[in-house]
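What follows is a single structure, written as structure tokens, with notes after it.
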Amino acid sequence: MEGRRVRRFGRWRSNQTLLPVRVNRLSNIISCWYCDCKSSILNEPLFRFGRRYSRFLKAWFSIGVGFSLAVLSSVIMILLYEISQILRFYYGNTQMSNMMSEYQFVFSSTISGLTISLADVGYLCLSSILSVSVHELGHAVAAASEGIQMEYIAVFFAVLFPGALVAFNHELLQALSKVSALRIYCAGVWHNAVLCAVCAWALLLQPLILYPFYIHDEGPMVLDVSPTSPLSGYLSPGDVIISLDDIRINNVQEWSQIIAVLTERSHQNTQNHSRLENSLKRSVGKGYCIPSSLVEEGKHVSLEGNGASCPDELSAFIIIPCLDQAMAEDDNLEVSHQRDGGELHCFYAKDVLKLEKCGDGWGRLHNNRSSCLCSKEEACFLPLLSTGVAWVEIIYSSPSPLECSQLGRTHIVDDDNSRENPCVKTFVFVGDIISIKHSVLLTSYQPRWPAKFGAHLPYVLEKFLMFTFHVSLTLAFLNSLPVYFLDGEAISEVIIHYFRILSPRRRRTILQYFLFGGTVASILIFARVFLLLL
């Protein structure tokens with residue numbers, strides 16, 4: 001009886017019936033946990049393509065054999081290293097215990113900031129379909145170049161996971177030489193690696209490709225704001241963020257990096273200190289030059305322990321003790337410092353944002369001036385914040401009115417005139433700054449023409465390429481593992497036949513031990529990673 005060999009994510013199995021090469025009707029399988037859809041419409045086109053360019057394709061897939069074997073060797077080394085680490089941890093190595101604690105902290109921190117939306121699920125499904133199709137297409141074309149036509153190609157869903165497979169004649173595969181078989185077995189991993197390279201180059205060249213239609217790295221543009229976002233009342237789609245705390249932002253990556261730095265800084269500054277001690281100790285903080293006239297009009301609250309606070313619509317401030325001001329020959333200022341040492345001041349944040357900045361906590365300061373940057377008629381006030389709360393000033397440009405959208409960003413963000421520019425707006429965020437990181441959808445691209453159509457295109461393209469890169473890389477890695485039902489099993493089976501010094505029975509025994517060990521090691525490593533993520 002003849003049989004056929006079926007590819008399912010690298011899975012190979014033998015059956016007792018042989019489908020003819022040309023099939024008009026194929027029976028599909030539908031069950032509670034598995035369903036598929038088979039088709040033979042691509043049999044003839046792929047076979048003709050493979051035979052026409054056979055010489056070129058064999059050279060192409062021979063490169064894939066070398067790459068796949070190198071990846072397989074690297075994966076084996078990684079498995080051995082990880083198993084040794086698990087064994088060291090099992091036998092109570094203290095150093096390994098500390099290392100595992102660090103890994104757990106890193107993974108938990110990563111997952112805590114990870115958000116998966118419904119759109120991300122769509123990107124994941126589409127990138128999975130593309131990656132699997134490229135993988136299976138590699139096997140089909142490689143087989144066609146060796147003179148073997150596939151019997152059918154099928155798309156399936158196992159539980160909730162999509163996949164694809166191609167079916168070949170098992171007897172014809174067995175009749176091939178070992179090198180030819182390796183070219184077929186390694187084609188999937190090789191094509192996934194090539195797809196990763198294509199996605200990486202596309203991401204790298206995307207700004208150049210979209211240059212005629214989009215501006216890149218001139219400020220992240222808001223695409224959407226979550227209704228639950230603390231910024232929903234300030235930012236709207238089309239706004240361009242200019243700076244955070246006077247730190248210029250050019251793209252989405254800088255937005256994330258600056259938020260991470262500001263978050264770390266806010267937690268470090270408030271660690272192991274009371275609210276008043278935090279503000280007094282941070283004389284290099286972010287302050288504002290408030291004139292004495294506004295100080296007299298503001299609300300004064302006596303500081304008794306840490307219970308003093310301002311009304312809800314007002315923000316609390318205290319004076320920064322500046323050395324430059326203390327040496328100034330101004331009696332009124334000295335009296336003001338002495339008087340203000342035992343109370344806090346309450347001001348409207350919108351009035352304070354219009355004033356000059358002082359202190360060394362801002363991202364932009366002039367080196368030829370003192371740390372206070374205030375005149376003799378002004379005093380440097382610092383916001384009084386609670387533990388884990390940050391005071392972040394956000395400057396952005398709005399496309400409305402219409403003349404604002406027609407101006408270039410160079411005119412909008414000019415250092416000298418930005419505050420007087422009606423297109424530039426400023427607001428202050430007080431709270432946990434990490435909460436705003438994922439609540440606003442941003443893109444590093446701005447349309448060259450004031451039109452909402454196409455504003456999401458660079459973001460969608462970039463997101464799809466990134467998902468495809470990671471899914472294809474994962475698929476290549478998994479199929480390189482020496483485990484059952486994946487490409488690693490077929491590749492290992494061919495490699496073990498080169499050890500002719502061993503008897504066939506001994507080769508089969510070694511292969512089974514090798515695959516069993518690789519499967520167990522992979523399960524243990526994935527289980528450890530899964531537990532760390534919990």
Side-chain angles (χ1 to χ4, degrees), residues 4-13 34 36-43 45-47 49-50 57-58 60-72 74-75 123-146 148-158 161-168 173 180-202 464-494 522:
R4 74 169 184 267
R5 176 155 286 185
V6 178
R7 289 272 307 109
R8 177 175 295 157
F9 276 141
R11 178 176 178 177
W12 300 81
R13 68 183 184 187
Y34 177 86
D36 63 12
C37 178
K38 302 182 181 70
S39 175
S40 59
I41 192 172
L42 296 178
N43 288 12
L46 289 179
F47 184 75
F49 175 80
L57 290 175
K58 287 182 179 180
W60 169 254
F61 290 115
S62 295
I63 300 175
V65 171
F67 175 84
S68 300
L69 294 181
V71 173
L72 178 62
S74 301
V75 167
Y123 289 123
L124 181 61
C125 292
L126 291 177
S127 59
S128 298
I129 293 174
L130 176 60
S131 301
V132 172
S133 300
V134 170
H135 182 97
E136 299 300 334
L137 183 64
H139 289 295
V141 174
S145 67
E146 302 292 342
I148 298 179
Q149 182 177 349
M150 68 177 183
E151 296 179 352
Y152 62 83
I153 185 171
V155 178
F156 68 88
F157 278 89
F161 299 97
L165 62 88
V166 291
F168 298 110
L173 287 175
S180 298
L182 275 178
R183 280 197 287 261
I184 297 176
Y185 298 158
C186 296
V189 175
W190 173 234
H191 270 206
N192 281 131
V194 172
L195 180 59
C196 289
V198 171
C199 291
W201 275 104
F464 178 71
L465 290 174
M466 291 180 64
F467 267 87
T468 303
F469 174 85
H470 289 97
V471 171
S472 186
L473 181 64
T474 302
L475 194 58
F477 175 79
L478 292 178
N479 278 278
S480 298
L481 292 172
V483 300
Y484 292 110
F485 310 122
L486 298 179
D487 286 350
E489 176 187 5
I491 296 173
S492 302
E493 182 180 355
V494 175
S522 301

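Because the structure is predicted, anything quoted here is derived from the model rather than measured.
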Partner set under ring pair (Phe, Tyr, Trp, His ring centres under 6.0 Å) for F469, not counting sequence neighbours: none
Pair F61 + H191: ring centers closer than 6.0 Å: yes
So how far is it from [X] [atom1] to [Y] [atom2], rounded to the nearest 0.5 Å?
{"X": "L465", "Y": "Y123", "atom1": "CG", "atom2": "OH", "value": "10.5 Å"}
{"X": "L46", "Y": "H139", "atom1": "CG", "atom2": "NE2", "value": "13.5 Å"}
{"X": "C196", "Y": "L473", "atom1": "SG", "atom2": "CG", "value": "4.5 Å"}
{"X": "C125", "Y": "F467", "atom1": "SG", "atom2": "CZ", "value": "10.0 Å"}
{"X": "Y484", "Y": "S492", "atom1": "OH", "atom2": "OG", "value": "10.5 Å"}
{"X": "Y185", "Y": "S180", "atom1": "OH", "atom2": "OG", "value": "10.5 Å"}

Could I get the full list of side chain to side chain contact (heavy atoms under 4.5 Å, CB included) partners for [X], not counting sequence neighbours?
{"X": "A144", "result": "F47"}
{"X": "L69", "result": "V65, I491, I495"}
{"X": "I63", "result": "W190"}

Verify, without hydrogens or angle tests, whether [X] (side chain) and [Y] (backbone) share a donor-acceptor contact under 3.5 angstrom.
{"X": "E136", "Y": "V132", "value": "no"}
{"X": "S145", "Y": "A142", "value": "yes"}
{"X": "N43", "Y": "M150", "value": "yes"}

Residue pairs involving residues 182-191 (criterion salt bridge (Lys or Arg N to Asp or Glu O under 4.0 Å); sequence neighbours excluded): E146-R183
Side chain to side chain contact (heavy atoms under 4.5 Å, CB included) between H135 and N479, worked out: CA-CA 10 Å; H135 182 97; N479 278 278; 3.6 Å; yes
Between [X] and [Y], is any pair of side-chain heavy atoms under 4.5 Å apart?
{"X": "D487", "Y": "C186", "result": "no"}
{"X": "L130", "Y": "V134", "result": "yes"}
{"X": "V471", "Y": "T474", "result": "no"}

Worked check of side chain to side chain contact (heavy atoms under 4.5 Å, CB included) between V194 and W60: CA-CA 11 Å; V194 172; W60 169 254; 3.8 Å; yes
side-chain hydrogen bond (donor to acceptor under 3.5 Å, both in side chains) partners for S472, two or more places apart: N192
Pair I184-L173, side chain to side chain contact (heavy atoms under 4.5 Å, CB included): steps then yes or no: CA-CA 9 Å; I184 297 176; L173 287 175; 4.0 Å; yes
Criterion side chain to side chain contact (heavy atoms under 4.5 Å, CB included) on L42 and Y152, from CA distance to verdict: CA-CA 8 Å; L42 296 178; Y152 62 83; over 6 Å; no
Minimum heavy-atom distance between F168 and A143, given as atom pair plus value: CE2-CB, 3.4 Å
